[in-house]
Amino acid sequence: MPANYTIHDFSKHLFWDTDRSTLDFDRSKAQIIQQVLEYGQLEDWKIVQAVYNKDTLREVTTNLRSLDDVTLAFIAAYLNLDKTAFRCYTKKQSAHDFWNL
């Protein structure tokens with residue numbers, strides 16, 4: 001992790017429901033990455049890119065349980081992966097919509 005970034009460098013709205021002092025770049029990487037992808041600004045994304053390498057981003061994002069469609073398309077393109085490589089995509093495909101059985 002680059003020493004010049006802290007959790008407090010992220011936009012304040014990202015972790016409104018969490019005590020920032022409990023977040024750690026290593027232990028909380030899934031939460032940090034998902035929040036930045038779905039709700040972050042460009043500067044937040046730049047911090048994530050500086051802190052985590054593509055292998056870490058691939059490992060974390062392919063195992064996330066949920067990502068909205070736009071975020072999934074973005075990260076799949078960024079990592080040069082097919083959407084079917086993501087857990088959230090395969091889980092979504094197997095879930096039945098209550099109204100459309």
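Note that the coordinates shown come from a computational prediction; the quantities given were computed from them, not determined experimentally. Sequence positions, counted from 1, serve as the residue numbers for this chain.
Aromatic ring centroids of Tyr78 and Trp45 lie under 6.0 Å apart.
Atom CG of Asn80 has 12 or fewer heavy atoms from other residues, nucleotides or ligands within 6.0 Å.
Between the side chain of Asp44 and the main chain of Val36, no donor-acceptor pair closer than 3.5 Å is present. Proximity of a side-chain donor or acceptor of His13 to a complementary backbone N or O of Tyr39 within less than 3.5 Å is detected. A distance-only check finds no donor-acceptor pair linking the side chain of Glu38 to the backbone of Thr71 [under 3.5 Å]. In this structure, the side chain of Asn53 engages the main chain of Thr56 through a donor-acceptor pair within 3.5 Å.
Between the side chains of Thr18 and Gln31, at least one donor N or O sits under 3.5 Å from an acceptor N or O.
The two residues Val60 and Ala30 come nearest to each other via the heavy atoms CG1-CA, 3.6 Å. Heavy atoms only, all atoms of each residue included: Ser11 and Arg20 are closest at O-NH2, 2.7 Å. Of all the heavy atoms in Gln34 and Ser66, the pair that sits closest is NE2-O, 2.6 Å. Nearest heavy atoms, Arg87 versus Leu64: CB-O, 3.7 Å.
Rounded to the nearest 0.5 angstrom, Tyr5 OH and Phe10 CZ are separated by 9.0 Å. With rounding to the nearest 0.5 angstrom, the CZ atom of Phe74 is 7.0 Å from the CG atom of Leu37. In this structure, OH in Tyr89 is found 15.5 Å from OG1 in Thr62, a value given to the nearest 0.5 Å. Between atom CD of residue Glu43 and atom CG of residue Asp9 there is a gap of 10.5 Å, rounded to the nearest 0.5 Å. Atom NZ of Lys29 sits about 11.5 Å away from atom OG1 of Thr61, to the nearest 0.5 Å. Here Ile7 contributes atom CD1 and Asp24 contributes atom CG; the two are 8.0 Å apart, rounded to the nearest 0.5 Å.
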